[in-house]
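Before any comments, here is the structure.
The residues of the chain are indexed from 1 along the displayed sequence. Just so you know, these numbers use all the heavy atoms, side chains as well, and skip hydrogens, waters and symmetry mates.
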Amino acid sequence: MTSAWSRRTFLATSAALTAAGGGALMLAAPGAASAAPEDDPYTALRTTWSALILGEGFSPTAEPFKSRLADLGTKASQWLETMAPADGSLWPDAVFADPDPDTDAESYVFSGRMADSFSRLNTMAQAYRQQGTGLTGNTALRDAVLTGLEHLNTQVYNDGQTRYGNWYSWQIGAPQALLDVCVLMYDAIAPERLARYCAAVDHFVPDSAVASYTGTSTGANRVDLCRVLALRGVVGGTAAKIALGRDALSPVFPLVTKGDGLYADGSFIQHTTVPYTGSYGSVMLGGLGLLFALLKGTTWEVTDPKRQVVFDAVENAWAPFLYNGLVMDSVAGRAISRGEVDDHRRGHPIMASIVLLGRGASATENARWRALVKGWAQRDHYSPPLNNPSLGLTALARIKSVLDDTSLTPVAEPAGHRLFPDMARATHRRPGWAASLSMADRRITFYETGNGENLRGWHTGNGMLYWWGDTFANGQYSDAFWPTVDPYRLPGTTVSRKALADGAGGDWGVALPDVNWVGGVTDSKRATVGQYLKGLTSTLMAKKSWFFLDDTVVCLGAGIHGRDGATVETTVDNRNLGPTGNAPFTVDGSAKPVTAPWSATLSGASWAHLAGHGGYVFPGGASVKALRENRTGRWRDINRAGSTDPVSRKYLTLWFDHGTDPSDATYAYQLLPGATEQRTAARAADSGWLRVLANTDDQQGVSVPSLGLTAVNFWFGGSVGPLVADAPCSVMVTEHADGTATVCVSDPMRARTSLTLTWNRAVASVVSKPAAVTSVTTGGSLRLVFGDLSGTRGATQTVKVRLA
């Protein structure tokens, strides 16, 4: 077989670069040094893959690449020095021999160590191939990599081995790293050895792994499996394997209506019940970008027209959850418990993947996406992507190329609302801040735990309301929030303080509340959202509503009930003030102590303000509890693979104490992100700005006359203000200055075969209506009759009318 880059050419080029003082020619782009023969497509593919996984277009003598390459060399040197092949291990701290091979937690650890051993070899191979690592072209390093490959093949990863532990380690983790090493070291590996390594991959990842789009072969996992198959074909020179890897991508492209994948509303689900745009979705996006780029212009190019679904999803599914460089934790599943990678560090790889995906998209899409990424990267003041230590060289190079592109005008953060009924999520963006809401229903889990991760994420689906400022509080959930926050007091949630065991409810998102009414309506600017809440392994029940408006989120709760012998609380907010934070806190104009610990019951409070964060208004006054405290935790507490080092953060918490075993408890408050103390006080003093029309177990609704807005969640049919509904629904009506109005309606339960809504307002005519409206009556009032809404998937149905 023809080498992707002969060792003689490699060393000659290396020497020339060294003599020239580094230069800009990269070992990461071997194709520039040695053109592939036209009759050998596999050589060309190996050259392309080397560039994709090593990076290209950057100088090894310029930062941040110089330091990152040196770090790569240091890490590879560590693995080189500590490698000690022995029965059952390649490194003493990574024993993979399982004395009792099965699929229990212990076996998961052993299989994980096997895959990690391949990852270490991959690091070493990259240090050998990359310029500026201090180990470039090092023969001892090369020989160690070859020895390691042979040892792992002989000992564990071969065609005679029965897998144990985690399927992922055998089918994705290990073979991806193995095949990357085979590409990088191709010239140095004897053909007989390559054949055995390919046979091992064929054994653990047979063609049947992608025969049906089910089980572990869906979504991001399917893309990972296709990567293995395609690279197996590249390394082994097998056209059929490459074609299979390409063709098996096709089931990933179409929109789905259940299970794993992308939905029409922009939702992305993995593991059947878990919103995963920011974790598995990131893997899928990155994997598709790599495969599209690898196969572009070859016999095996991905040409399925349905791939446009993925391109459309960049702005429909991923962009709504990216904010100033971070990806929102509400769609990151159990990844929130991984201490080394926070929301910003998870967001940066998605940005880099979008840049890569653009290489396979249209010129218009590519330019638009690059401008989006430039905006996100420039605005990430809290954690600039070029300073992200977990971001690989390839991703760094892609993001830097965008930042350096003077032809690009960065796209600003949009203002507006996105509702994702298929995964019980919502995002809201306004100038200066953004928010995200996470809920749960009979299709979407409370939370996901598994592999010993996210052990205390129990209540993240109980209506957690995340929010960030644009230039303030952008690291609210990044700075050791998850191991130090009280898991029973997550912002926005209503929770029974019944003690829960780590991992309560079961692994892999199996815990689902038996409720249907979760969702709402949006006009793309504002929204009305509701959640019928039932607690995880508790008797808690509540009706929760959020009204996402121009400068505030109005939050109502009613019907709050529990019989667990435990206190029930609703957390207004729980702000992470950092290791030393002492942000001033004011209630009704009175400054409270900045030292911790401090606590108080704020009786009859009208408003509160936390400097550097925002304000809180309690319509009509309320009794609220406040706590300033220092909390200490460990990542190991929430993730069994996490650090045992203690971390401490200061918090300011506000909550409603509904008492032990409450019946029909309620709450009402406004959240004003970024508001000054003066604006918060003024909003509280303007008693006519917000009118709470209903806050009961049957309906919750508000009106804001200055916005021309009336919004109601009808948990049951009834009459609220000017609106009458004969069945459960969510409604938002907005009157406009031009004499028109929009009426937004949805059936969050997805069950209505008929619905009649009456708005007691004089209407002259209907400007537009959806097909779901079967009858309209105008005049002294507007009467809308909807037909079967069960197939609308909870989506907003909008009617526009002209007022009389």
Side-chain angles (χ1 to χ4, degrees), residues 75 78 82 91-96 98 103-117 119-120 165-166 168-169 173 271 274 276 278-280 329 332-346 383 388-390 445-461 464 475-490 493 495 497-509 511 536-537 574 576-580 629-651 653:
K75 178 60 69 176
Q78 174 190 339
T82 56
W91 280 273
D93 67 335
V95 174
F96 49 71
D98 188 349
T103 57
D104 63 8
E106 184 181 47
S107 291
Y108 264 53
V109 172
F110 286 117
S111 65
R113 290 172 180 166
M114 179 272 299
D116 184 58
S117 296
S119 294
R120 294 180 184 186
N166 191 345
Y168 184 94
S169 299
H271 294 172
V274 188
Y276 248 135
S279 183
Y280 278 91
D329 279 347
R334 68 185 194 279
I336 60 174
S337 69
R338 298 169 187 163
E340 72 281 4
V341 182
D342 59 33
D343 49 3
H344 288 267
R345 293 183 180 181
R346 280 193 299 276
S383 180
N388 183 345
S390 64
T445 185
F446 288 104
Y447 79 115
E448 186 189 56
T449 184
N451 290 344
E453 297 183 307
N454 199 27
L455 297 170
R456 299 177 185 173
W458 316 300
H459 301 306
T460 47
M464 185 169 178
Q476 176 63 202
Y477 311 101
S478 318
D479 186 19
F481 175 86
W482 294 105
T484 57
V485 72
D486 183 342
Y488 295 92
R489 287 181 179 156
L490 301 177
T493 61
V495 165
R497 290 197 69 95
K498 172 187 175 182
L500 297 178
D502 288 352
D507 287 357
W508 313 119
L536 175 67
T537 68
N574 200 350
N576 178 3
L577 306 181
T580 59
E629 63 175 334
N630 186 61
R631 294 185 57 82
T632 299
R634 309 175 307 161
W635 285 102
R636 179 66 60 86
D637 297 336
I638 62 173
N639 187 318
R640 294 197 179 103
S643 170
T644 59
D645 296 336
V647 288
S648 297
R649 296 294 182 268
K650 295 185 183 299
Y651 284 84
T653 314

With a 3.5 Å cut-off and no angle check, do the side chains of [X] and [Y] form a donor-acceptor pair?
{"X": "Asn574", "Y": "Thr653", "answer": "yes"}
{"X": "Trp482", "Y": "Asn639", "answer": "no"}
{"X": "Asp342", "Y": "Ser478", "answer": "no"}

Roughly how far, to the nearest 0.5 Å, is the [atom2] atom of [Y] from the [atom1] atom of [X]?
{"X": "Lys650", "Y": "Thr580", "atom1": "NZ", "atom2": "OG1", "result": "8.0 Å"}
{"X": "Ile638", "Y": "Ile336", "atom1": "CD1", "atom2": "CD1", "result": "7.0 Å"}
{"X": "Glu448", "Y": "Tyr280", "atom1": "CD", "atom2": "OH", "result": "6.5 Å"}

Any donor-acceptor pair under 3.5 Å from Asp98 side chain to Phe110 backbone: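 No, the answer is negative, given that no donor and acceptor are paired below the 3.5 Å cut-off.
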When you measure from the side chain of Ser111 to the backbone of Asn166, do you find a donor-acceptor pair of N or O atoms at a distance under 3.5 Å?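 Side chain of Ser111 to backbone of Asn166, a donor-acceptor pair under 3.5 Å: yes, one is there.
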From CA spacing to verdict: side-chain hydrogen bond (donor to acceptor under 3.5 Å, both in side chains), Asp104, Ser107: CA-CA 5 Å; Asp104 63 8; Ser107 291; 3.1 Å; yes
Report the relative orientation of the aromatic rings in Trp458 and Tyr488; use parallel for angles under 30°, tilted for 30 to 60°, perpendicular for over 60°.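 Judged by the thresholds at 30° and 60°, the geometry between Trp458 and Tyr488 is tilted.
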Hey, what's the ring geometry for Tyr651 with Phe481, parallel, tilted or perpendicular (30° and 60° as the breaks)?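 Answer is tilted, since the angle falls between 30° and 60°.
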Does the side chain of Arg489 come within less than 4.5 Å of Arg497's, by heavy atoms? yes
Please examine the side chains of Arg631 and Ser648, heavy atoms only from C-beta on, and report whether any two atoms are closer than 4.5 Å.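 SC-SC contact between Ser648 and Arg631 ruled out.
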Taking Arg113 first and then Asp93, would you say they form a salt bridge - that is, a charged N and a carboxylate O separated by under 4.0 Å? no
